[in-house]
Each structure stands twice: as C-alpha cells, then as structure tokens.
Student: 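Next up is a structure, given as structure tokens.
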Amino acid sequence: SMEKLKSGSEYKIVETKGNPKADTSKFVEFHLSMFNEKDSLLGSSFKMQNGKPFSMKVPAAPQKFSIEEALTLMGEGDSLQLFVPTDSIFKGFMETQRPEFLPKGTKLKFHFRMLKVTTLAEINKKHEAEIDEYAKKKNLAVTKTASGLRYIVTKPHTGELLKDGDSVAVHYTGKLLNDEPFDSSLPKGAPFELVVSETPVIAAWPEALKLTGMGGKITILVPYYLGYGDRPSGPIPAFGAMVFAVSYTHLTLPTNREV
C-alpha cells in the first residue's frame with residue numbers, strides 16, 4: 001500500500017528482507033532507476049554509473065522531494081518505489097524550464113534496490129585491506145606514512161628533495177585499484193605543474209611530493225580520505241583508492257628558498 005511522507009511525496013515498499021533500516025550514521029549503496037508517469041526511463045545507475053550503484057552517506061537532513069527522503073525507509077536487500085510530485089520539484093521555476101516529459105500534475109517515479117547498509121568503520125577496514133592486497137599482488141614493498149599514504153620510490157632522486165613552496169613539474173599516470181587508468185599527463189605532452197603544499201588537487205599530493213626529489217620516481221597508493229572522499233568525482237568512485245606513478249621533471253625554487 002502507498003504511504004505518504006511529510007513532504008507530500010509517496011512511497012511503496014515493493015520487497016523487504018526484514019533487515020535494520022538505514023539511519024543517519026550509515027553509508028548506503030543502491031541501484032536507482034527514474035521514470036516519468038508514462039514509464040519512460042529517464043535515467044538509472046546502470047547507465048549513469050556503468051552498472052555501478054550509487055553510494056552515499058545518509059544525510060542528517062534529507063532534501064525534500066529528492067531521493068534522500070527514501071534512504072531511511074529501506075534496509076539491506078529492500079526494494080522501494082518513491083513518487084515525487086513534479087509540481088513540487090519545479091515550484092519557483094518558470095514553466096518554460098519544465099521538460100515536456102514531466103507535465104503539470106504528474107509524478108516522478110524512482111525505483112530503488114538497497115544493496116548495502118554499512119558503517120564508516122566497516123568501509124575503512126575493507127578499504128585499507130584492498131589497498132594492502134593491491135600492493136601485495138603487485139609486489140610493491142610500500143611504506144605507510146602516518147596519514148595512511150603508501151609509497152615506494154621506484155627511482156632514487158639525484159637532485160634535492162622538495163620543500164613547501166617549491167614549484168615542480170611532474171609527469172604522472174593515475175589509475176584505480178582495478179588497473180583502470182583515469183588520467184595521465186603523458187598523452188598531453190606536457191607535465192603537470194604545481195606548487196608544493198599550495199591548493200593541492202587532493203590531500204595526498206603535498207606529502208607525496210616531498211617523499212623524493214628531482215630525478216626521482218615514486219608510486220603512491222592513495223586512500224579515499226586523501227583523495228576525493230566519500231563522493232564520486234568523474235571516473236573516481238565514492239571511497240575510491242587511487243594509484244599514481246609520478247616522475248619529477250623540473251623544479252623551480254622560490255627566491256627566498258634556502259637550499
């Protein structure tokens with residue numbers, strides 16, 4: 001039977017396994033498909049994420065008329081349909097901004113299947129094990145720093161070590177733990193330039209860059225909390241670990257740098 005939420009959205013439990021419902025301390029993984037009232041498929045995790053489920057922390061204050069409202073209604077293995085009035089979604093917008101396939105008075109339908117409900121501690125334990133397993137599989141005798149970064153110097157440096165404020169140019173190749181590459185400076189023909197410890201792209205870079213010096217090469221294994229965190233970023237999935245092979249090509253010292 002259909003149940004109503006405070007916002008006005010409605011939902012129907014399609015299947016329940018009787019597992020504990022997700023709460024705001026949990027992280028969830030779920031597949032999601034979105035339809036209009038004519039059952040035209042508008043989008044899904046299967047198409048948008050190459051078959052990978054959505055992954056997120058259950059928000060403390062779910063946004064009204066969004067998929068967030070449904071997350072605490074399901075436990076692991078449950079399926080649910082959420083019906084959101086399109087008039088509420090487009091309230092405050094000009095009617096010209098409303099797509100034709102979501103006409104007035106209709107509802108947007110979301111079909112969920114909850115795959116996993118877990119805690120951050122469980123995620124971290126699995127994450128660390130996966131990084132260590134990758135290093136073992138690749139025969140990388142990595143050193144683990146206090147931050148959680150793993151590294152191995154694959155070619156000793158011939159010049160000086162880098163310090164904060166130095167400008168450095170590096171060539172790099174980045175890939176996921178499944179060896180799927182997601183970025184590289186090599187095809188671009190130009191190295192990536194950055195200042196050590198200044199506005200890093202990810203938190204791992206300032207520490208990693210100072211682990212060797214000019215002429216050196218290093219491979220770093222970056223846990224998600226030193227990378228892009230618990231939300232997906234382009235090809236990097238939520239909680240995604242990354243592997244970077246980095247070589248130092250050029251160093252520019254600041255004028256006040258003491259060698």
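The model shown is predicted, which means the values in this text are computed figures rather than measured ones.
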Student: Check whether any side-chain heavy atom of E69 lies under 4.5 Å from a side-chain heavy atom of S7, and answer yes or no.
Tutor: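 With C-beta onward as the side chain, the pair touches.
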Student: Testing E3, K12, M74 for side-chain contact (heavy atoms from CB on, under 4.5 Å) with L80, which one passes?
Tutor: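 Going through the options one by one, the only one that passes is M74.
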Student: Ignoring hydrogens and geometry beyond distance, is a side-chain donor-acceptor pair present between T173 and S184 at under 3.5 Å?
Tutor: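 Side-chain D/A pair, T173 to S184: present.
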Student: What do you reckon, is NZ of K188 surrounded by more than 12 foreign heavy atoms closer than 6.0 Å?
Tutor: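 Check passes, neighbour count above 12.
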Student: Passes side-chain hydrogen bond (donor to acceptor under 3.5 Å, both in side chains), H157 versus T212? Steps please.
Tutor: CA-CA 6 Å; H157 63 96; T212 188; 4.8 Å; no
Student: Does a side chain donor of either T143 or R150 reach within less than 3.5 Å of an acceptor in the other side chain?
Tutor: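 The answer is no; no qualifying pair exists.
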Student: Once the angle between the rings of F30 and F112 is folded into 0 to 90°, is it parallel (under 30°), tilted (30 to 60°) or perpendicular (over 60°)?
Tutor: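 If you compare the ring of F30 with that of F112, the planes turn out tilted.
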Student: Please report the interatomic distance NZ(K144) to CD1(I131), rounded to the nearest 0.5 Å.
Tutor: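 The NZ atom of K144 sits 8.0 Å away from the CD1 atom of I131.
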Student: Compare every heavy atom of V142 with every heavy atom of A135, then report the nearest pair and how far apart it is.
Tutor: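 Heavy atoms of A135 and V142 come nearest at CB-CG2, 4.0 Å.
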Student: In the structure I gave you, are the side-chain heavy atoms of S247 and T154 within less than 4.5 Å of one another anywhere?
Tutor: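 A side-chain contact under 4.5 Å is absent here.
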Student: Would you name the heavy atoms of L82 and I67 that are closest together and state the gap between them?
Tutor: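 It is CD2-CA, 4.2 Å.
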Student: Kindly list each side-chain donor-acceptor pair under 3.5 angstrom involving residues 214-227, sequence neighbours excluded, with atom names and distances?
Tutor:
| residue | atom | partner | partner atom | Å |
| --- | --- | --- | --- | --- |
| Y224 | OH | N124 | OD1 | 2.6 |
| Y225 | OH | E128 | OE2 | 2.6 |

Student: Any heavy-atom pair between the side chains of D87 and K104 that's under 4.5 Å?
Tutor: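 Result yes, sub-4.5 Å side-chain heavy-atom pair found.
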Student: Could you give the distance from CZ (F54) to CG (L71), rounded to the nearest 0.5 Å?
Tutor: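 One finds 11.5 Å between CZ of F54 and CG of L71.
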Student: Using side-chain heavy atoms (C-beta onward) and a distance below 4.5 Å, is V168 in contact with Y248?
Tutor: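 Touching, per the 4.5 Å side-chain cut-off.
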Student: For R113 and E15: C-alpha separation, side-chain torsions, deciding distance, then whether salt bridge (charged side-chain N to carboxylate O under 4.0 Å, His left out) applies.
Tutor: CA-CA 9 Å; R113 178 172 286 279; E15 182 182 10; 3.3 Å; yes
Student: Has K57 got a side-chain atom pairing as donor or acceptor with T24's backbone, closer than 3.5 angstrom?
Tutor: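 At least one qualifying donor-acceptor pair exists.
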Student: For the atom pair CG (L177) and CD (E130), what is the distance rounded to the nearest 0.5 Å?
Tutor: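 If we round to the nearest 0.5 Å, L177:CG and E130:CD are 7.0 Å apart.
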Student: What closest approach, in Å, do T86 and P103 show between heavy atoms, and which atom pair accounts for it?
Tutor: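 Scanning both residues, the minimum pair turns out to be OG1-O, 3.3 Å.
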Student: Under the side-chain hydrogen bond (donor to acceptor under 3.5 Å, both in side chains) test, which residues partner R231, sequence neighbours left out?
Tutor: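 Expected list: none.
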Student: Say you draw a straight line from CZ of F83 to OG of S9; how long is it, rounded to the nearest 0.5 Å?
Tutor: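 Spacing of CZ (F83) from OG (S9) equals 11.0 Å.
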Student: Can you name the nearest heavy-atom pair linking H171 to A190, along with the distance?
Tutor: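 Closest heavy-atom pair between H171 and A190: CE1-C, 3.6 Å.
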Student: To the nearest 0.5 angstrom, please state how far the OG atom of S33 sits from the NE2 atom of H111.
Tutor: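 Here the rounded value is 7.5 Å.
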Student: Near K64 NZ, under 6.0 Å, is it more than 12 heavy atoms from other residues, nucleotides or ligands?
Tutor: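 Not buried by this count: 12 neighbours or fewer within 6.0 Å.
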Student: Are E193 and S167 linked by a side-chain donor-acceptor pair shorter than 3.5 Å?
Tutor: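 Side chains of E193 and S167: no pair found under 3.5 Å.
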Student: Between D230 and I123, does the side-chain contact (heavy atoms from CB on, under 4.5 Å) criterion hold? Intermediate values first, please.
Tutor: CA-CA 10 Å; D230 60 9; I123 288 172; over 6 Å; no
Student: I'd like to know whether the aromatic ring centres of H31 and F46 sit less than 6.0 Å apart in this structure.
Tutor: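 Yes; F46 has its ring centre under 6.0 Å from that of H31.
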Student: Would you find more than 12 non-hydrogen atoms of other residues, nucleotides or ligands less than 6.0 Å from K26 atom NZ?
Tutor: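 It does: K26 NZ has more than 12 such atoms within range.
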Student: Any side-chain heavy atom of P99 sitting closer than 4.5 Å to one from F90?
Tutor: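 Answer yes - side chains close enough.
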Student: Does L102 reach the side chain of L108, with side-chain heavy atoms less than 4.5 Å apart?
Tutor: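 Yes; the side chains approach each other to less than 4.5 Å.
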Student: What do the steps show when you test L211 against V153 for side-chain contact (heavy atoms from CB on, under 4.5 Å), and what is the final call?
Tutor: CA-CA 8 Å; L211 293 171; V153 176; 5.6 Å; no
Student: Answer yes or no: is there a donor N or O on one side and an acceptor on the other, between the side chain of D78 and the main chain of I13, under 3.5 Å?
Tutor: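 It does not hold such a pair.
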Student: When you look at K109 and D39, which way does the salt bridge (charged side-chain N to carboxylate O under 4.0 Å, His left out) test go after all the steps?
Tutor: CA-CA 8 Å; K109 298 195 287 185; D39 284 329; 2.6 Å; yes
Student: Are L176 and I236 close enough that some pair of their side-chain heavy atoms sits under 4.5 Å apart?
Tutor: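 They are in side-chain contact.
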Student: Could I get the full list of ring pair (Phe, Tyr, Trp, His ring centres under 6.0 Å) partners for F244, not counting sequence neighbours?
Tutor: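 Applying ring pair (Phe, Tyr, Trp, His ring centres under 6.0 Å) to F244 gives F182, W205.
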Student: Is there a side-chain contact between P191 and T249 (heavy atoms, below 4.5 Å)?
Tutor: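 Result yes, sub-4.5 Å side-chain heavy-atom pair found.
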Student: To the nearest 0.5 Å, how far apart are OH in Y172 and OG in S185?
Tutor: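 Reported to 0.5 Å precision, the distance equals 5.5 Å.
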Student: As a quick check of understanding, evaluate side-chain contact (heavy atoms from CB on, under 4.5 Å) for F239 and L120, giving each step before the final call.
Tutor: CA-CA 10 Å; F239 301 104; L120 185 58; 4.2 Å; yes
Student: Would D179 and Y134 count as having a side-chain donor-acceptor pair, cut-off 3.5 Å?
Tutor: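 A donor-acceptor contact under 3.5 Å links the two side chains.
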Student: What are the two closest heavy atoms between K210 and P206, and how far apart are they?
Tutor: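 That closest heavy-atom pairing would be CE-O, 3.2 Å.
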Student: Can you see which heavy atom on F110 is nearest to which on L32, and at what distance?
Tutor: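 Closest heavy-atom pair between F110 and L32: CB-CD1, 3.8 Å.
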Student: Would you check if the side chain of S233 reaches a backbone N or O of Y228 as a donor-acceptor pair within less than 3.5 Å?
Tutor: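 Between the backbone of Y228 and the side chain of S233 there is no qualifying donor-acceptor contact (under 3.5 Å).
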Student: Determine, stepwise, if the pair E207 / S147 fulfils side-chain contact (heavy atoms from CB on, under 4.5 Å).
Tutor: CA-CA 9 Å; E207 178 185 10; S147 71; 2.7 Å; yes
